[in-house]
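Here's the structure, in structure tokens; my notes come after.
Throughout, protein chains are lettered first and strands after them, A, B, ... in sequence-line order, and every chain is numbered starting at 1. Quick caveat: nothing in here was measured; it's all calculated off a predicted structure.
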Amino acid sequence: GAGVSQSPSNKVTEKGKDVELRCDPISGHTALYWYRQSLGQGLEFLIYFQGNSAPDKSGLPSDRFSAERTGGSVSTLTIQRTQQEDSAVYLCASSLASQALAKNIQYFGAGTRLSVL
Amino acid sequence: SQKIEQNSEALNIQEGKTATLTCNYTNYSPAYLQWYRQDPGRGPVFLLLIRENEKEKRKERLKVTFDTTLKQSLFHITASQPADSATYLCALDMGGNKLTFGTGTQLKVEL
């Protein structure tokens, strides 16, 4: 597709359930990022994938959060045993992450709005 | 750690005026700074990038300045229109291909 695609657009779950959020980046983009945005807050970095390198997981808030990127393309963010404080919009972005002029301009999906009841 | 400050209060201006948004940062000196626009229910959209050795960058009605001494970037929209109403985020390159985003400033352009 032309842009970054995220699914589902909305997810309502019960506390304690596991959820999976999907991100399909722009074709050819080597870098993929996950962010969390709570109401009225900025973007909180969660995890970053770059090519075949080990992901930068420094932003994951707890071990209930994990992510994988298969074949250097689609990524899945998994939240286990969801808590009410996990409710937020989860945004995915991809970039070329090159040293050229367009270095690290990030292209975002529309996000997944997660509501934990 | 890096701290980025954007005015958390919404900025209301009249159509046709120039809107000026501020982004201040502490500690680390980024190699470049980016501005994004975010509309409700959507992800941020890239607008402009300015490097540390550039004082000013323009794109149509948009202008960004970057003062590395003051550790500040200003984002200007001239001849503002109601369609410019959105939240504007600044983002700093912290190295390693990661960006740190500010909390954003909501702009409302009124008729």
Within a reach of under 6.0 Å around [atom1] of [X], are more than 12 heavy atoms found that belong to other residues, nucleotides or ligands?
X: A:Glu14; atom1: CD; value: no
X: B:Asn53; atom1: CG; value: yes
X: A:Leu39; atom1: CG; value: no

> How long is the span from the CZ atom in B:Phe101 to the OH atom in A:Tyr35, to the nearest 0.5 Å?
Replying inline: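 So the CZ of B:Phe101 and the OH of A:Tyr35 are separated by 4.5 Å.
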Please answer: with hydrophobic residues joined when any side-chain heavy atoms are less than 4.5 Å apart, are [X] and [Y] in the same cluster?
X: A:Phe65; Y: A:Val116; value: yes
X: A:Trp34; Y: A:Leu96; value: no
X: A:Tyr90; Y: A:Leu60; value: yes
X: A:Leu32; Y: A:Leu91; value: no

Under 3.5 Å, side-chain donor or acceptor atoms of residues 79-86 of chain B against the rest of the protein: list the pairs with distances, not counting sequence neighbours.
from    : atom 1 : to       : atom 2 : distance (Å)
B:Ser80 : OG     : B:Gln14  : O      : 3.4
B:Ser80 : OG     : B:Lys17  : O      : 2.7
B:Asp84 : OD1    : B:Arg61  : NH2    : 2.9
B:Asp84 : OD2    : B:Arg61  : NH1    : 3.0
B:Asp84 : OD2    : B:Arg61  : NH2    : 3.3
B:Asp84 : OD2    : B:Gln81  : N      : 2.8
B:Ser85 : OG     : B:Pro82  : O      : 2.9
B:Ser85 : OG     : B:Val109 : N      : 2.9

> Under a 4.5 Å heavy-atom cut-off, does chain B meet the side chain of A:Gln106, its backbone, both or neither?
Replying inline: both
> Under a 4.5 Å heavy-atom cut-off, does chain B meet the side chain of A:Ser58, its backbone, both or neither?
Replying inline: side chain
>> Please output the residues of residues 37-48 of chain B in contact with chain A, using a heavy-atom cutoff of under 4.5 Å, in numerical order.
In response: B:Gln38, B:Gly41, B:Arg42, B:Gly43, B:Pro44, B:Phe46
> What option among A:Arg113, A:Gln6, A:Gln37 has the most heavy-atom pairs under 4.5 Å with chain B?
Replying inline: A:Gln37
